[in-house]
Amino acid sequence: MTELKRIGVLTSGGDAPGMNAAIRAVVRGSIYHGVEPVAIREGYKGLIDNDLEVVNARSVANIINQGGTFLKSARCQEFRTKEGRAKAYENARAANLDGLVVIGGDGSFTGAMLLEEEHGIPCIGVPGTIDNDIYGTDYTIGYDTALNTVVEAIDKIRDTATSHNRLFFIEVMGRDAGFIALNTGIAAGAEEILIPEQENSVEKLMSGLQSSGRAGKTSSIIVVAEGDKSGGVFELARTVEKSFPEYEAKVTVLGHIQRGGKPSCFDRVLASRLGVAAVEALLKGESGIMVGVRDQQVVKTPLERAISKQNTIDSHLMKVAEIITV
Ligand code: F6P
């Protein structure tokens, strides 16, 4: 075990439900192992502005069930510069930080990797994003909660959709990835699912809607990932309305509602597990890695790999989505 005195923890990028549980696990994991935890506010911005303080086990009481991140998060432009990172390092050194746990997505991990490369401060990444698009883990913190939020919303939309002859286009988050769209689309019984990973999505949508009409369906739910490449959900709705004048097309953009809410049990357990694993990795002298779960086991992936590689969409699941909409 490496002799560590202080570990810093921050949340960065888009917040995700379960981040508080992860912070709590880092803080308490540190204390358990005799290390002093330091909480950094507003992500890398807090490191640059020296907005940090030593915390104790009680500082993170009653947050495991709260959405968002009590440390606040930010997408910090200054940290993208060498000068910004040098300033952050100076403050980290002055605060005697022997290691840093960064809870966030791939942008946050890029920052952690550069900070470590340039200044030698050991960094560990904990994947926190609702998009589930980080390589090296089957699940990211916040994804499960977001899935449940989306399914609940689509279930409600279905009630009204089936009461009229309407097509409902529902945009869900996922700037670069279709994991939320594919899984919620299946779970909520969507007739069509459009994701960025799929080619010719408009053509497939049109032929799918024709089949639905022939099969006697009078309303359809179409889940569209934010990052789908067909020109945006509103444009898509107008195009479809022209080809299917018998239907009225309605658009719902679920937006940031997907990022809020109490974390699910799954996300709380995942966050607790990964927060502790991050501290223990630092204690073992490991750095420049992300902790994740694969096949129910905690695994470690170099940050560089986590950033540069992509999680792929399961083609069998895509097929399942097609089969169950006949
Ligand atoms: O990265 C997670 C994510 O939820 C994306 O799916 C979405 O595009 C983005 O965050 C929105 O970020 P912001 O809140 O900064 O607009």
Side-chain angles (χ1 to χ4, degrees), residues 7-27 37-53 55 59-60 62-81 84-85 87-88 91-92 95 97 99-115 121 123-134 137 139-146 149 173-177 180 226 255-264 267-268 270-272 274-275 278 290-292 303 306-307:
I7 291 177
V9 58
L10 59 83
T11 47
S12 163
D15 61 288
M19 278 185 163
N20 279 326
I23 299 165
R24 174 179 181 268
V26 173
V27 167
V38 174
I40 301 156
R41 270 178 292 272
E42 275 194 77
Y44 293 119
K45 184 177 179 298
L47 211 48
I48 291 174
D49 297 346
N50 208 16
D51 190 2
L52 38 85
E53 65 174 337
V55 287
S59 315
V60 289
N62 304 318
I63 63 165
I64 193 166
N65 56 341
Q66 300 299 320
T69 159
F70 92 109
L71 286 181
K72 290 187 173 273
S73 191
R75 301 192 197 273
C76 178
Q77 290 305 322
E78 196 179 349
F79 194 75
R80 289 170 192 247
T81 66
R85 291 191 293 275
K87 234 194 252 180
N91 289 328
L97 298 188
L100 185 64
V101 177
V102 174
I103 305 164
D106 51 5
S108 314
F109 295 166
T110 304
M113 202 178 73
L114 292 173
L115 185 69
I121 177 161
C123 291
I124 306 286
V126 174
T129 163
I130 65 164
D131 291 353
N132 206 39
D133 60 347
I134 310 270
T137 189
Y139 302 105
T140 56
I141 297 164
Y143 174 58
D144 182 68
T145 306
T149 302
M173 276 188 172
R175 195 172 17 208
D176 307 305
I180 296 179
E226 180 188 9
H256 286 78
I257 195 169
Q258 296 162 91
R259 288 237 295 256
K262 284 182 174 294
S264 65
D267 276 328
R268 297 182 201 189
L270 177 69
S272 303
L274 296 185
M290 179 195 84
V291 289
L303 284 176
I307 294 158

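Just so we're clear, the structure is a prediction, and the values are computed from it rather than from any experiment. These values consider heavy atoms only, across backbone and side chains, with no hydrogens, waters or symmetry-generated copies.
Residues N65 and P263 come closest through the heavy atom pair O-CD, 3.5 Å. Pairing each heavy atom of A271 with each of G18, the nearest pair is CB-O, 3.3 Å. When every heavy atom of A16 is checked against every heavy atom of G128, the shortest pair comes out as CB-C, 4.2 Å. For the residue pair A74 and E42, the shortest heavy atom distance occurs at CB-O, 3.6 Å. Taking every heavy atom of both residues into account, G13 and S73 meet most closely at O-OG, 2.5 Å.
Residues passing the side-chain contact (heavy atoms from CB on, under 4.5 Å) test with E226, sequence neighbours excluded: E171, M173, R175. The ring-ring contact (aromatic ring centres under 6.0 Å, His included) search around F79 returns Y44, not counting sequence neighbours. A search for side chain to side chain donor-acceptor pair (under 3.5 Å) contacts involving K72 returns nothing, not counting sequence neighbours. Under the salt bridge (Lys or Arg N to Asp or Glu O under 4.0 Å) criterion, R85 pairs with E118, sequence neighbours left out. Applying the side chain to side chain donor-acceptor pair (under 3.5 Å) criterion to S59, with sequence neighbours excluded, gives N56. For N50, the side chain to side chain donor-acceptor pair (under 3.5 Å) criterion is met by no residue, not counting sequence neighbours. Taking the side chain to side chain donor-acceptor pair (under 3.5 Å) definition, one finds that Y143 meets it with N183, sequence neighbours left out. When the salt bridge (Lys or Arg N to Asp or Glu O under 4.0 Å) test is applied to D176, no partner is found at least two apart in sequence or on another chain.
Distance check, rounded to the nearest 0.5 Å: NE2 of H256 to CD1 of I130 gives 8.5 Å. Taking CG from L115 and OG1 from T110, the interatomic distance works out to 12.5 Å, rounded to the nearest 0.5 Å. Considering CE of M19 and CD of Q66, their distance stands at 15.5 Å, rounded to 0.5 Å.
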Under 3.5 Å donor-acceptor pairs involving side-chain atoms of residues 99-106, not counting sequence neighbours:
none

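T145 contributes a side-chain N or O that, together with a main-chain N or O of S264, makes up a donor-acceptor pair within less than 3.5 Å. A distance-only check finds no donor-acceptor pair linking the side chain of T137 to the backbone of T140 [under 3.5 Å]. Panel note: side chain D267, backbone I141; no donor-acceptor pair is recorded below 3.5 Å.
Counting heavy atoms from C-beta on, the side chains of L274 and P127 come closer than 4.5 Å.
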M290/M113 under side chain to side chain contact (heavy atoms under 4.5 Å, CB included): CA gap, chis, key distance, verdict: CA-CA 10 Å; M290 179 195 84; M113 202 178 73; over 6 Å; no
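The side chain to side chain donor-acceptor pair (under 3.5 Å) analysis of residues 8-26, with sequence neighbours excluded, yields the pairs T11-T69, S12-S108, D15-R259.
By the 6.0 Å contact criterion, OH on Y139 is open, its count of non-hydrogen atoms from other residues, nucleotides or ligands being 12 or less.
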